[in-house]
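First comes the structure, then the notes that go with it.
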Amino acid sequence: MYHYKYLTRNNAKPYRKEFQKIILDVQNLIRDKFTFQFKFIGSSAKNMITFDSTTNIGFDFDINIEINDPNEDYSASEIRQILINALNQVILQRGFNYVENNTRVLTIKKIDLLRSKIQYSCDIAIVNNYIDKNGQPHQEYIRYNKSHNSYTWEEQPSPYNLEQKISKIKKYNRWNEVFELYIDKKNYNTNKNKKSRSLFAETIKEIYDRL
């Protein structure tokens with residue numbers, strides 16, 4: 001069991017600003033190739049950042065980068081590599097480690113080398129949102145297949161879009177249950193590969209299903 005607690009809005013604010021500045025600098029670096037929008041998602045968007053002072057994990061944020069490439073001038077591999085190179089150019093001078101190129105996300109970490117501790121980190125997914133012929137929203141993301149060293153656009157598992165469920169939960173004044181269940185999921189999570197964004201999505205679905 002872990003001992004996660006919530007980081008206050010004021011304490012989280014400077015770190016959120018730092019990640020915003022990093023992504024804005026990346027936008028400026030690559031705008032001659034393609035542009036993109038970005039937003040904090042999941043617990044990062046709802047002021048539900050958690051930390052456990054008894055571990056070396058630190059606390060983490062989640063950001064989605066949505067690429068503007070309507071003519072498909074760049075492959076999934078090219079997009080991901082362009083963003084990795086730009087991120088490294090920006091973050092190394094800010095004291096972060098090199099980008100970790102994970103299966104679903106790019107991860108950047110600020111590490112306290114003296115204590116071998118992750119101070120804070122951010123998982124960045126590269127996504128594309130679209131509407132199918134039936135008017136239903138979908139999202140795909142760039143997935144890195146490490147065994148084949150290849151990159152592909154893959155459909156995001158449903159439900160990726162949680163806003164409708166969140167609105168209903170808040171409408172029925174059940175948001176406090178989200179806070180309670182999410183922190184429990186963080187504390188009792190035994191799957192180290194399960195990220196905060198997945199635990200948050202599970203939390204929203206479970207509270208919504210109770211309604």
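Atom CG of Asp25 sits about 12.0 Å away from atom CD of Gln20, to the nearest 0.5 Å. One distance of note links CG of Asn176 with NZ of Lys170; it measures 12.5 Å at 0.5 Å rounding. Rounding to the nearest 0.5 Å gives a distance of 7.5 Å between OG of Ser77 and CG of Asn149. Separation of atoms CZ (Phe34) and CG (Asp73) is listed at 10.5 Å; rounding is to 0.5 Å. A distance of 9.5 Å separates CD of Gln37 from CG of Asn129, quoted to the nearest 0.5 Å. In this structure, CZ on Phe200 lies 5.5 Å from CE on Met48, to the nearest 0.5 angstrom.
Remark: side-chain polar atoms of Ser44 are not paired, donor with acceptor, to backbone N or O of Phe40 under 3.5 angstrom. The backbone N or O of Ile142 lies less than 3.5 Å from a partner atom in the side chain of Arg80, making a donor-acceptor pair. Put simply, the side chain of Asn189 never gets that close to the backbone of Lys185: no donor and acceptor are under 3.5 Å apart. Put simply, the side chain of Asp52 never gets that close to the backbone of Tyr2: no donor and acceptor are under 3.5 Å apart. Put simply, the side chain of Tyr188 never gets that close to the backbone of Ile183: no donor and acceptor are under 3.5 Å apart.
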- Message: Please determine whether side chain to side chain contact (heavy atoms under 4.5 Å, CB included) holds for the pair Ile124 and Val105, giving the CA-CA distance in whole Å, both sets of side-chain angles, and the decisive distance to 0.1 Å.
- Response: CA-CA 5 Å; Ile124 302 167; Val105 297; 5.7 Å; no

- Item | side chain to side chain contact (heavy atoms under 4.5 Å, CB included) assessment of Leu92 paired with Gln89 | CA-CA 6 Å; Leu92 291 178; Gln89 188 173 337; over 6 Å; no

- Message: Evaluate Glu177 against Arg174 for salt bridge (charged side-chain N to carboxylate O under 4.0 Å, His left out), listing each step before the verdict.
- Response: CA-CA 6 Å; Glu177 294 180 34; Arg174 305 285 287 274; 2.3 Å; yes

- Message: Using side chain to side chain donor-acceptor pair (under 3.5 Å), reason through Asn11 and Thr8 one step at a time and then give a plain yes or no.
- Response: CA-CA 5 Å; Asn11 286 338; Thr8 66; 3.0 Å; yes

- Check step by step if side chain to side chain contact (heavy atoms under 4.5 Å, CB included) holds for Leu181 and Glu206. CA-CA 9 Å; Leu181 182 57; Glu206 287 185 30; 3.6 Å; yes

- Would Ile169 and Arg210 count as a side chain to side chain contact (heavy atoms under 4.5 Å, CB included) if you check the C-alpha gap in whole Å, the side-chain angles of each, and the deciding distance to 0.1 Å? CA-CA 10 Å; Ile169 291 169; Arg210 291 180 189 176; over 6 Å; no

- Run the side chain to side chain donor-acceptor pair (under 3.5 Å) check on Glu140 and Asn128 step by step: do they pass? CA-CA 5 Å; Glu140 54 186 1; Asn128 174 51; 2.8 Å; yes

- Item | Ser121 and Asp60: CA distance, side-chain angles, deciding distance, side chain to side chain donor-acceptor pair (under 3.5 Å) verdict | CA-CA 5 Å; Ser121 63; Asp60 61 308; 5.2 Å; no

- Message: Evaluate Glu202 against Lys194 for salt bridge (charged side-chain N to carboxylate O under 4.0 Å, His left out), listing each step before the verdict.
- Response: CA-CA 11 Å; Glu202 285 181 8; Lys194 183 172 285 190; 2.7 Å; yes

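Taking the side chain as every heavy atom from C-beta outward, Ile108 and Phe19 approach each other to under 4.5 Å. The closest side-chain heavy-atom distance from Trp175 to Ile166 is below 4.5 Å. With contacts defined as side-chain heavy-atom distances shorter than 4.5 Å, the pair Val127/Asn64 qualifies. Contact of the Arg143 side chain with the Thr103 side chain is registered, since non-hydrogen atoms from C-beta on lie closer than 4.5 Å. Ile30 places a side-chain heavy atom less than 4.5 Å from the side chain of Phe36. A 4.5 Å side-chain heavy-atom check between Leu29 and Asn85 finds every atom pair outside the cut-off. Side-chain atoms of Arg16 and Asn47, non-hydrogen and from C-beta on, do get closer than 4.5 Å to each other. Counting heavy atoms from C-beta on, the side chains of Ser43 and Thr50 never come closer than 4.5 Å.
Remark: the Tyr182 side chain and the Asn187 side chain contain no N/O donor-acceptor pair separated by less than 3.5 Å. For the residue pair Asn145/Ser147, the side-chain donor-acceptor check at 3.5 Å is satisfied. No donor-acceptor contact under 3.5 angstrom links the side chains of His138 and Gln156, judged on distance only. Between Lys186 and Ser196, the side chains place a donor N or O and an acceptor N or O closer than 3.5 Å (distance only, hydrogens not considered).
In plain terms, the two heavy atoms of Pro137 and Ile131 that are nearest each other are CA-CD1, 3.6 Å. Nearest heavy atoms, Ile79 versus Tyr74: CG1-CB, 3.7 Å. Residues Asn88 and Val99 share a closest heavy-atom pair of OD1-N, 2.9 Å. A pairwise comparison of heavy atoms in Val90 and Gln93 identifies O-CG, 3.1 Å as the closest pair. Taking every heavy atom of both residues into account, Tyr144 and Asn102 meet most closely at CB-O, 3.6 Å.
Ile49 and Tyr4 fall into different hydrophobic clusters, where Ile, Leu, Val, Met, Phe, Trp and Tyr residues are linked whenever their side-chain heavy atoms come under 4.5 Å apart, directly or through other members. Ile41 and Leu24 sit in two unconnected hydrophobic clusters of ILVMFWY residues. Membership requires side-chain heavy atoms under 4.5 Å apart, directly or through other members. The hydrophobic clustering, which links ILVMFWY residues whose side-chain heavy atoms are closer than 4.5 Å, places Phe38 and Val26 together. Note on Ile67: it clusters hydrophobically with Ile22, by side-chain heavy-atom contacts below 4.5 Å among ILVMFWY residues.
Cation-pi contact between Lys110 and Tyr120: absent, since separation from the ring centre below 6.0 Å together with deviation from the ring axis within 45° is not met. Cation-pi geometry between Arg104 and Tyr141 is satisfied (NZ or CZ under 6.0 Å from the ring centre, within 45° of the ring normal).
Evaluation of the side chain to side chain contact (heavy atoms under 4.5 Å, CB included) rule for Thr35 yields Asn68 as partners, not counting sequence neighbours. Qualifying side chain to side chain contact (heavy atoms under 4.5 Å, CB included) partners for Lys5, counting only residues two or more places apart in sequence or in other chains: Phe51.
One finds a salt bridge joining Arg197 and Asp62 here, because a Lys/Arg side-chain nitrogen approaches an Asp/Glu carboxylate oxygen to under 4.0 Å. A salt bridge does not link Asp209 with Lys165: none of the charged nitrogens is closer than 4.0 Å to a carboxylate oxygen. Taking 4.0 Å as the cut-off between side-chain N and carboxylate O, Lys33 and Glu78 do not count as a salt-bridged pair.
Counting non-hydrogen atoms of neighbouring residues, nucleotides and ligands closer than 6.0 angstrom, the CZ atom of Arg94 exceeds 12 such neighbours. More than 12 heavy atoms of other residues, nucleotides or ligands lie within 6.0 Å of NZ in Lys117, so this atom counts as buried by the packing criterion. At most 12 non-hydrogen atoms from other residues, nucleotides or ligands lie less than 6.0 angstrom from OH of Tyr98.
For an aromatic pair to be called close, the ring centres must be under 6.0 Å apart, and Phe61 with Tyr15 fails this.
Thr107 pairs in a side chain to side chain contact (heavy atoms under 4.5 Å, CB included) with only one of the listed residues (Asn101, Asn97, Asp123), which is Asp123.
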